Amino acid sequence: MYKIERGFRGPAMAAGFLLVITVVVGLAAADVVSALSGGGGFQRVLTLERAFPVEERVELEAVKARDRARHSRMLQSFPGGIVDFSVGGTSDPYAVGLYYTKVRLGSPPREFNVQIDTGSDILWVTCSSCNDCPLNSGLGIPLNFFDAATSSTVSPISCSDSICASIVQIASAECSNEGNLCNYSFQYGDGSGTSGFYMSDILYFDSILGTSLITNSSAPIVFGCTTSLFGDLTKSDRAVDGIFGFGQQGLSVISQLSSRGITPKVFSHCLRGEGSGGGILVLGEILDPRIVYTPLVPSQPHYNLYLQSIAVNGQVLPIDQAVFTTSGNQGTIVDSGTTLAYLVEGAYDPLVAAITAAVSTSVKPIISKGNQCYLISAR
């Protein structure tokens with residue numbers, strides 16, 4: 001049974017609608033989303049791991065609840081290299097469709113599994129002093145905690161540090177007299193959240209220059225050391241070590257590396273949804289004649305696209321163009337933290353009607369829990 005979901009207005013969209021096109025579901029190996037903003041230096045590749053076993057099934061309503069709140073390879077020639085990690089992942093919405101990658105932090109480096117999220121900016125990992133943090137993961141991966149006492153290169157960000165002042169201006173941060181640490185506390189759209197303090201330490205990556213592998217390339221970065229979690233982040237079923245924010249603000253890792261001339265401020269995100277799944281996350285631009293590029297809407301807090309029309313079987317649907325306009329809280333965004341595609345009513349209804357007309361001879365349209373579904377007879 002296949003289901004098409006109606007768009008919604010979540011907490012982050014109270015003033016209007018957002019049309020979300022997911023990059024997690026159903027992208028082939030050659031499908032790539034590139035965020036371009038100039039820069040120079042190395043190119044880095046972070047790979048995506050399978051978050052849930054293929055055979056594991058979950059209710060679509062659970063995926064909707066999570067999304068509702070969260071609203072060959074050719075690299076462009078560059079005087080640097082790329083970084084590649086093992087790849088895994090699944091786009092199956094019934095198996096949650098979560099992808100993550102590995103980062104190495106500290107000296108000596110320790111590995112952390114972190115979810116890729118283009119909808120936020122901060123890289124954070126759980127600290128050894130974390131309260132309510134899961135100790136085991138239903139993903140079958142070991143959970144690690146960052147221990148500042150074991151890293152010889154760690155440096156807490158104090159309230160008097162100029163970095164903290166800049167963080168306060170662009171991200172969720174605050175200072176208190178307790179410990180003189182630059183703290184953060186922020187909440188995601190689904191009600192889950194995290195709090196802790198900012199630290200600086202070494203991020204390690206393996207650079208590939210031509211055919212040569214240069215291991216343990218590194219750069220200092222500012223990241224979050226989480227001491228408390230709440231909401232769904234406390235659950236063990238899909239627990240990871242943290243979240244890797246790939247937003248556009250200055251505190252995202254891609255912005256930090258770009259500002260130092262280590263990488264261009266460009267990343268290409270590819271998610272395989274077939275076979276064994278997986279994908280790549282390239283800090284650099286992918287050039288391939290099979291890839292179709294589309295520009296991003298400038299001066300937007302998210303990665304907004306210029307959606308122009310929707311077609312079924314080659315026929316453009318009669319949708320009011322005003323639905324696709326980017327203004328205020330309205331627009332079309334790409335978010336790797338969202339599993340499903342969501343449409344506002346003015347686009348959803350014509351799409352469902354067109355799909356129903358196209359498939360009605362081979363399936364039985366039904367309404368299930370308020371959603372248009374299609375029953376496929378076993379053959």
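Remember, it's a predicted structure, so these values are computed and weren't measured experimentally.
In this structure, cysteines Cys182 and Cys164 have SG atoms closer than 2.5 angstrom.
Screening Ile202, Leu251, Leu203 against Ile221 for a side chain to side chain contact (heavy atoms under 4.5 Å, CB included) leaves a single residue, Leu203.
Membership of an apolar cluster is not assigned to Val316, as no side-chain contact below 4.5 Å to another ILVMFWY residue is traced. Grouping Ile, Leu, Val, Met, Phe, Trp and Tyr residues whose side-chain heavy atoms lie under 4.5 Å apart, directly or via other members, places Val297 in a hydrophobic cluster with Tyr306.
The side chain to side chain donor-acceptor pair (under 3.5 Å) search around Thr226 returns Tyr184, Thr194, not counting sequence neighbours. Residues passing the side-chain contact (heavy atoms from CB on, under 4.5 Å) test with Asn131: none are found, sequence neighbours excluded. For Pro365, the side-chain contact (heavy atoms from CB on, under 4.5 Å) partners are Thr356, Gln372, Tyr374, not counting sequence neighbours. Under the ring-ring contact (aromatic ring centres under 6.0 Å, His included) criterion, Phe146 pairs with Phe223, sequence neighbours left out. Listed by chain and residue number, Ser160 satisfy the side chain to side chain donor-acceptor pair (under 3.5 Å) test with Ser158 (two or more places apart in sequence, or in another chain). For Ser107, the side chain to side chain donor-acceptor pair (under 3.5 Å) test picks out Thr153, Tyr204, with sequence neighbours left out. Legend: residues meeting salt bridge (charged side-chain N to carboxylate O under 4.0 Å, His left out) with Lys235, ordered by chain and number and at least two apart, are Asp232.
Under the disulfide (SG to SG under 2.5 Å) criterion, no residue pair touches residues 291-358, with sequence neighbours excluded. Under the disulfide (SG to SG under 2.5 Å) criterion, the residue pairs touching residues 219-258 are Cys127-Cys225, with sequence neighbours excluded. For residues 296-347, no residue pair satisfies the disulfide (SG to SG under 2.5 Å) rule, not counting sequence neighbours.
In the displayed structure, Asn136 atom CG is contacted under 6.0 Å by at most 12 heavy atoms of other residues, nucleotides or ligands. Annotation for Gln315: atom CD does not count as buried by contact number, only 12 or fewer foreign heavy atoms lying within 6.0 Å.
Between Asp117 and Ser120, the side chains place a donor N or O and an acceptor N or O closer than 3.5 Å (distance only, hydrogens not considered).
From Ile367, atom CD1 reaches atom SG of Cys373 across 7.0 Å, with rounding to the nearest 0.5 Å.
Annotation for Asp147 and Thr150: closest pair O-OG1, 2.8 Å, computed over non-hydrogen atoms.
Ser259 places a side-chain N or O within donor-acceptor distance of the main-chain N or O of Gln256, the cut-off being under 3.5 Å.
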